[in-house]
Amino acid sequence: MTGGARMTRVIVVDDQAVVREGLVLLLGLLPDIEVVGSAGDGEAALRLVEERRPDVVLMDLRMPRMDGVEATGRIRAEFPDTQVVVLTTYSDDESVFAALRAGARGFLTKDADADDISKAIATVKRGDAQLDPTVQRRLLDTMSAPMRQAPTTTGNTPPPEIVRDGLPDRLPDGLTPREGEVLALIADGLSNTEIAARLYISEATVKTHINNLFAKAGLRDRAQAVSYAFRHGVAHPQ
């Protein structure tokens, strides 16, 4: 410890044992940090936070039983004194936004080094935010993307929606913006591989978004998805 400051108590959460154990060893070498536990999924993390009351949780996103987004939301709601730093392989826009909406104060990708992780832990403990520079640029790019107003309507027609990149701002059935993009590309006839290339995400992530949007919208197959997209104005205009 430096200057008599209290050690920062940290819990590591990752479903891959090798990664989890490596992070525990790495953090154990850093000054002012005490690793007080580790967990392999969100449910175990929640129990451990309740038991150990750490200052910071270093959280993976894609895990069985309870993923990192849900776990982050639960931790921030039930244990507001515990901050969360996401450390993940996935940096697609939806992962970033989902984690930040859930209450994460830090977001790092797994190519972060020890200094990056140490700085993020110290920063969020103070109550500030720490984002990977690449993630921060993408977030700013998205927030500053040009927005256009839909045509003005008259009479008793509901007010026009704001449209971003051709998609309605208020998507049906609780679809996320990323799920809306995937749905629009399905309606364009793109395969999972083509969607992944267009959105700069993995095919596995595309499949996850498709499964989620199918479940939310009650769809059985891509044909129904195409019809649904046109019916709700999600399909890209030709």
Side-chain angles (χ1 to χ4, degrees), residues 41-43 45-46 59-78 80 84 86 88 90-105 107 135 138-139 141-151 153 157-192 194-196 198-237:
D41 62 69
E43 288 184 2
L46 201 61
M59 180 76 73
D60 189 21
L61 284 184
R62 308 296 168 86
M63 298 181 293
R65 296 204 292 175
M66 182 189 295
D67 65 21
V69 171
E70 182 178 355
T72 295
R74 293 278 300 276
I75 288 169
R76 295 295 297 135
E78 298 175 29
V84 177
V86 169
T88 181
Y90 305 94
S91 61
D92 58 277
D93 294 344
E94 183 52 37
S95 295
V96 174
F97 290 134
L100 296 180
R101 283 195 299 265
R105 299 290 291 174
F107 197 109
V135 169
R138 290 171 59 183
L139 181 63
D141 287 344
T142 300
M143 296 301 294
S144 62
M147 303 178 71
R148 59 183 176 84
Q149 188 80 21
T153 56
T157 306
E161 295 180 341
I162 298 298
V163 179
R164 186 190 299 273
D165 294 332
L167 295 179
D169 185 57
R170 295 189 294 274
L171 291 166
D173 296 315
L175 298 186
T176 66
R178 179 62 92 189
E179 289 163 359
E181 288 179 317
V182 171
L183 178 61
L185 294 174
I186 289 174
D188 285 347
L190 273 65
S191 67
N192 288 1
E194 292 168 331
I195 293 172
R198 180 73 63 85
L199 298 179
Y200 301 99
I201 58 178
S202 69
E203 284 191 60
T205 300
V206 172
K207 291 177 182 178
T208 297
H209 289 314
I210 291 175
N211 289 337
N212 289 341
L213 73 89
F214 273 31
K216 290 178 180 179
L219 305 173
R220 292 193 306 271
D221 52 41
R222 294 174 89 94
Q224 284 192 343
V226 172
S227 175
Y228 177 90
F230 279 96
R231 190 164 65 250
H232 291 279
V234 178
H236 287 142

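The structure presented is a predicted model; accordingly, all values stated were derived computationally and were not measured.
- Shown here for D221 and Q224, the closest heavy-atom pair between the two residues is OD1-N, 2.8 Å.
- A pairwise comparison of heavy atoms in T72 and G103 identifies CG2-C, 4.1 Å as the closest pair.
- Within the model, atoms CG of L213 and OG1 of T208 stand 11.0 Å from one another, a figure rounded to the nearest 0.5 Å.
- E70 CD to L46 CG: the interatomic distance, rounded to the nearest 0.5 Å, is 9.0 Å.
- One finds the CG atom of D41 at 6.0 Å from the CD atom of E43 (value rounded to the nearest 0.5 Å).
- Across all their heavy atoms, L219 and A225 have their closest contact at CD1-CA, 3.7 Å.
- Residues R76 and V84 are in side-chain contact: their nearest non-hydrogen atoms beyond the backbone lie under 4.5 Å apart.
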Query - Worked check of side-chain contact (heavy atoms from CB on, under 4.5 Å) between R62 and T205 - result: CA-CA 10 Å; R62 308 296 168 86; T205 300; 3.9 Å; yes
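- Of the possible polar contacts, one joining the K216 side chain to the G174 backbone as a donor-acceptor pair under 3.5 Å is found.
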Query - side-chain contact (heavy atoms from CB on, under 4.5 Å) assessment of N192 paired with K207 - result: CA-CA 7 Å; N192 288 1; K207 291 177 182 178; 3.7 Å; yes
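- Of all heavy-atom pairs between A104 and V86, the closest is CB-CG2, 3.8 Å.
- Each of N212, V234, I210, L175 was checked for a side chain to side chain contact (heavy atoms under 4.5 Å, CB included) with V182, and the lone residue meeting it is I210.
- Note: I195 CD1 to H209 NE2 = 10.5 Å, rounded to the nearest 0.5 Å.
- Taking each heavy atom of G42 and A71 in turn, the nearest pair found is CA-CB, 3.8 Å.
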Requested in this report: Test L61 against D67 for side-chain contact (heavy atoms from CB on, under 4.5 Å), laying out the working first.
Outcome: CA-CA 6 Å; L61 284 184; D67 65 21; over 6 Å; no
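- Side-chain N or O atoms of D188 include none that pairs as donor or acceptor with a backbone N or O of L190 at under 3.5 Å.
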Requested in this report: Check the pair E179 / L171 against side-chain contact (heavy atoms from CB on, under 4.5 Å), numbers first and verdict last.
Outcome: CA-CA 9 Å; E179 289 163 359; L171 291 166; over 6 Å; no
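- Between R231 and S227, the side chains place a donor N or O and an acceptor N or O closer than 3.5 Å (distance only, hydrogens not considered).
- Atoms CZ and CG, from F230 and L183 in turn, are 10.0 Å apart once rounded to the nearest 0.5 Å.
- Under a cut-off of 6.0 angstrom, the local environment of CZ in R220 is sparse, with at most 12 non-hydrogen atoms contributed by other residues, nucleotides or ligands.
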